[in-house]
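Throughout, protein chains are lettered first and strands after them, A, B, ... in sequence-line order, and every chain is numbered starting at 1. This one's a predicted model, so the numbers in the text were calculated from it and none came from an experiment.
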Number of protein chains: 2
Amino acid sequence: MLAEERQQVILSMLKTSSVVKLQDICKKVTCSESSVRRDLQLLEEKGLLIRVHGGAKVKHSLQRELDMTGKSLRNVQQKSSIAKFAAEQIQDEDVVYLDAGTSTLAMIQFLHSGQHLTVVTNGVVHASALADRNIRTILVGGELKTTTKAIVGIETVNSLHHYRFNKAFLGTNGVHPRFGYTTPDPDEAAVKKTALDQSEKNYILADESKIDQVSFVKVAELAKAIIITNRLPKTVLDQYSDQTTIQEVSI
Amino acid sequence: MLAEERQQVILSMLKTSSVVKLQDICKKVTCSESSVRRDLQLLEEKGLLIRVHGGAKVKHSLQRELDMTGKSLRNVQQKSSIAKFAAEQIQDEDVVYLDAGTSTLAMIQFLHSGQHLTVVTNGVVHASALADRNIRTILVGGELKTTTKAIVGIETVNSLHHYRFNKAFLGTNGVHPRFGYTTPDPDEAAVKKTALDQSEKNYILADESKIDQVSFVKVAELAKAIIITNRLPKTVLDQYSDQTTIQEVSI
DNA sequence: AAAAAACATTCCAAATACTGCAAATTCTTA
DNA sequence: TAAGAATTTGCAGTATTTGGAATGTTTTTT
């Protein structure tokens, strides 16, 4: 099989799964690890994917952001399966709020225009991705944070009061039994808080690295949302399960 | 087998498989490697395929388009010089409205964070580009048009009423002495109209292809804005100059 | 916290592909 | 039919690609 061919296969694999294992590629293209590694290196240099320990992940436009810096395949897979599970909670005709951030961004690949959704978001990159998938999208107004490309501020909070959601999906930096959901930025916290208030049912996407962490600003009590995360140790789980529902997702 | 014939075969192989191996071609056309190599070389020179180690691959439509730029190069230069001139009208500390669209998008490369601007826009792509250049950006809220990635709708118009601009820069589809500025989409027109009302000084960016054109919905009278365009024939110019200011930009 | 396993990197020799050139073949034309 | 032109072919030397082994790193397990 030609190098060119292999590389096309790799890219097409990434289109449907957002992470690929090196071993899986080897099997699919029937050649040595060395060759696949070289291919990955080349494709990474071209900026078409990002290599991680054990394989490669897609490169999306928010790649700069600190959050998705998952360095290992396992880590990225976790995020991807959490996103998939979250996306599956959405039903036809739902009006959904999608918070800015990479965990929620990963959900978009699992949505499709046939579901007739309306998605409200404060993520510029999210909005763009949703438009690409032909999904009805509403962007809240406000000031753009240059680093995360999230829309925040008082204007945004006001903007959000115009809407009412069936379901809201948010990321967070910290989940803690005593301090609830927390994030470092006060402006973003205010937006998250408002979104939670405007929605019927709330989901927090948090991989295990966020559990038992505390950040600067409190967004809400644990009870305010259902937590979607990976399999946790039982001792940890017990601390949370009396306060809210935890949805464990296997990789 | 004739050379011409071989080349046809190669091209038809590429229609079904996106990459072909040199060896496979040899088998199919029953001739030596050297001949096939020469064929590939020729076809590559003609721009019909791209040679890769071990064979050839199809030329992607995007790459093909880039080759076609010979014709539209002039057009690009026009847009760029109009955009540059427009950007130069902006002064430090200005609060600027930037309408969605390609002509205004081209302005962003000429702005820099040292100017301490505040830019309000309804273009998602624009917002993203501005954030990349570290410029304070405010995005208006509203519904996203999936095709143009512009934010439009009643929400957007309301949103705009919260702001007041020193200068507004807009594109348009038609500029006409009698019918003024016109665009095809009523929603976009409403947004443009509001933006013009909220601004102290207005600029319309219109390359010569827009002059004397009329589209579906009227945005405003000519007098409402200064037109930035390329050098025009004097006869055309006269029709406009009594109604508004025209800024001619040389390419 | 150490040991084990899995993965990554670097280098090497074998295999494969590429280039230009000269010989052989085919096609023209007088 | 034979000379000349054009095309094709085979070849030698050069360059690229490939799979594997040895040597580091990171991640996972104990």
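Rounded to an integer number of Å, the gap from B:Arg6 CZ to D:dT9 C1' is 11 Å. Atom-to-atom, CZ of A:Arg51 to C1' of D:dT25 comes out at 13 Å; the value is rounded to the nearest Å.
Against DNA chain C, the stretch residues 27-47 of chain A makes heavy-atom approaches under 4.0 Å through A:Arg37. For the segment residues 9-26 of chain B, residues with any heavy atom less than 4.0 angstrom from an atom of DNA chain C are, sorted by number, B:Leu22, B:Gln23.
Salt bridge B:Arg136/A:Glu143: present, at least one basic N to carboxylate O contact under 4.0 Å. Electrostatic pairing of A:Arg164 and A:Glu200 does not count as a salt bridge here, judged by no charged N lying under 4.0 Å from a carboxylate O.
Contact check for A:Leu98 versus A:Met107: side-chain heavy atoms found under the 4.5 Å cut-off. Counting only heavy atoms from C-beta outward, the side chains of A:Leu49 and A:Ile10 approach each other to under 4.5 Å. In this structure, B:Ile138 and B:Val119 have side chains that are not in contact, with every pair of non-hydrogen atoms separated by 4.5 Å or more. No side-chain heavy atom of A:Val217 sits under 4.5 Å from any side-chain heavy atom of A:Thr182. With contacts defined as side-chain heavy-atom distances shorter than 4.5 Å, the pair A:Val96/A:Phe165 does not qualify. Between A:Lys145 and A:Thr148 the shortest side-chain heavy-atom distance falls below 4.5 Å. Between A:Gln243 and A:Pro177, some side-chain heavy-atom pair lies under the 4.5 Å cut-off.
Of the possible donor and acceptor atoms, one in the side chain of B:Asn230 sits under 3.5 Å from a partner among the backbone N and O of B:Glu208.
Overall bending of the helix from C:dA1-D:dT30 to C:dA30-D:dT1, expressed as the angle between end axes built from five pairs apiece, is 30° (10° steps).
Here D:dT26 is the nucleotide among D:dT8, D:dT17, D:dT26 with the atom lying nearest to any side-chain atom of A:His53.
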